[in-house]
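In what follows, a structure is listed as structure tokens, so that the remarks can point back to it.
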Amino acid sequence: MPKSKTVFFCKECGNESPKWLGKCPACGAWDSFVEEPVAPKSKAGNGGAGPAGRLNGGTKAAPVELSKIDTQEDTRISTGIEEFDRVLGGGIVHASLVLVGGDPGIGKSTLLLQVCKTLVEKGLNVLYISGEESLRQIKMRADRLGKFNNELMLLAETSLDNIEEILAERKPDVAVIDSIQTMYREDIAASPGSVSQVRETTGALLRIGKNLGISIFIVGHVTKEGVVAGPRVLEHMVDTVLYFEGDNSSAYRVLRSVKNRFGSTNEVGVFEMQSSGLREVKNPSEYMLQGHPVGEPGSVIAASLEGTRPILVEVQALVCKTTFNMPRRTAAGTDANRVNLLMAVLEKRLGLQLGFCDAYVNVAGGLRVAEPAIDLAIVLAILSSFKNKPLPENSLVFGEVGLTGEIRGVSQAEQRVAEAVNLGYETCILPQVNAKTIKNSKIKLIGVSHVCELGKLL
Ligand code: TYD
Ligand code: MG
């Protein structure tokens, strides 16, 4: 009997090695190698990820003049769900491959089933392929979403060879694969969900989609670290990577594009999970600020930016005398290290005795904000709670804080101020450099250039 051969793959980048390595020489990740049976050389090469993977299934392609390429058929298909279209960059591109990642139970299947619903109602031919749920389970979910006015085709299948046959036969306009970790190719010995299976099945789907002109959505599970399980090459292979995120405790969900070959990245769509599926949140600022306290110390409204869209969020801080040897510091909804750093700036530049205080910082509403423009809001929330004095009524804040206590300008200040005006805010505390460039008579602008100037605002 021939000895069965195995190779080692890096989970991060898909790098192959004949022996186990502690550190991947290609991407530098530690302890990322897993052992898998050798995959036979597939027809699709490495699935189109590299130059060797031809999209047209191995026939030789001739060069074409740029001006002769017709983009007419690449007009986008609108899904009818505005928030979803925006994240895709204006609708589904013909024959594109989109990866939708997210934690289990966040609502990926629900979202895609809802997209299928609006697509079939437009008269498109849609095939939903599930490897996780039975047809009856999908039907039960669909019943919660309301009546489907047109037929949606369902398939419970995990073998990619069968799926390929069915796709070639039916040629749907759009197909959904839920999820890539359950799909397998028979010619690969490794189990479904392994690095080589995920890579090869995605490669095959890429080839099928481009050849037959089918737009394919694939669902991918997310690991603890928050990346799609399987190799990073998966993200390189697909055209668009969307992440569906949110707190399991709140009904609020954000769909974010982290890679998009056909649109801008970092665009977000906001949804709310209800008993009858996901509902679009058209004005997230109003939604995020529902029921926020007015005139309370420690509560500051910040203007953050999600993609190209300004979203107002409430930053809360609670600073109180500690009863521990080591003060407790926690941050929810933002970077805890950043909060520690900003507190150090306040201690050093303003002489605030924060060393004897516990500090809790929270971005209310379940949104995670990591951009530096939220710094000034965090600083003011801490200061406001420490002094027990509220900020001026109806005010909002944005700006980045540097290590020497300087307040630095941020991008797209104009949009942030415009959103504040829309929602009826009267005062905006912002970096001096930004204040100089903005001409908006409907709001009072207070430019600040150093944290020393913040004391007089409270
Ligand atoms: P699901 O789409 O199955 O998540 P994923 O595919 O990402 O694992 O969503 C499951 C959750 O959504 C589950 O906890 C129930 C909830 N849900 C609703 O609240 N309302 C609904 O209408 C549906 C269909 C699901
Ligand atoms: Mg699911």
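All ligand and atom numbering here is 1-based and tracks the order in the structure. No experiment lies behind these values; they were computed from the predicted model shown.
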Looking only at side-chain N and O atoms, does [Y] offer a donor or acceptor that is under 3.5 Å from a partner on [X]?
X      : Y      : answer
Ser109 : Asp178 : yes
Ser264 : Glu267 : yes
Thr6   : Glu35  : yes
Arg328 : Thr322 : no

Item to complete: Examine distances only and state if a side-chain atom of Ser299 and a backbone atom of Gln316 form a donor-acceptor pair shorter than 3.5 Å.
Response: no

Worksheet item: Should the pair Tyr252 and Tyr287 be assigned to parallel (<30°), tilted (30 to 60°) or perpendicular (>60°) ring geometry?
Response: parallel

Fill in: Salt bridge Glu82-Arg86, side-chain N to carboxylate O under 4.0 Å
no

Discussion item. Testing the basics here: between Glu133 and Ala156, what is the closest heavy-atom pair and its distance to 0.1 Å?
Written reply: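 Heavy-atom minimum between the residues: O-CB, 4.1 Å.
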
Worksheet entry | Per-ligand residue contacts, ligand 1, heavy-atom threshold under 4.0 Å |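 Residue list for ligand 1: Asp103, Pro104, Gly105, Ile106, Gly107, Lys108, Ser109, Thr110, Arg141, Arg144, Met273, Gln274, Ser275, Ser276, Gly277.
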
Item to complete: Run through the protein N/O/S atoms less than 2.8 Å from the Mg ion (ligand 2) and write them out by chain and number.
Response: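 Per the 2.8 Å query on the Mg ion (ligand 2), atoms found are Ser109 OG.
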
Fill in: side chain to side chain contact (heavy atoms under 4.5 Å, CB included) evaluation trace for Asn434 with Phe398
CA-CA 10 Å; Asn434 289 134; Phe398 63 86; 4.2 Å; yes

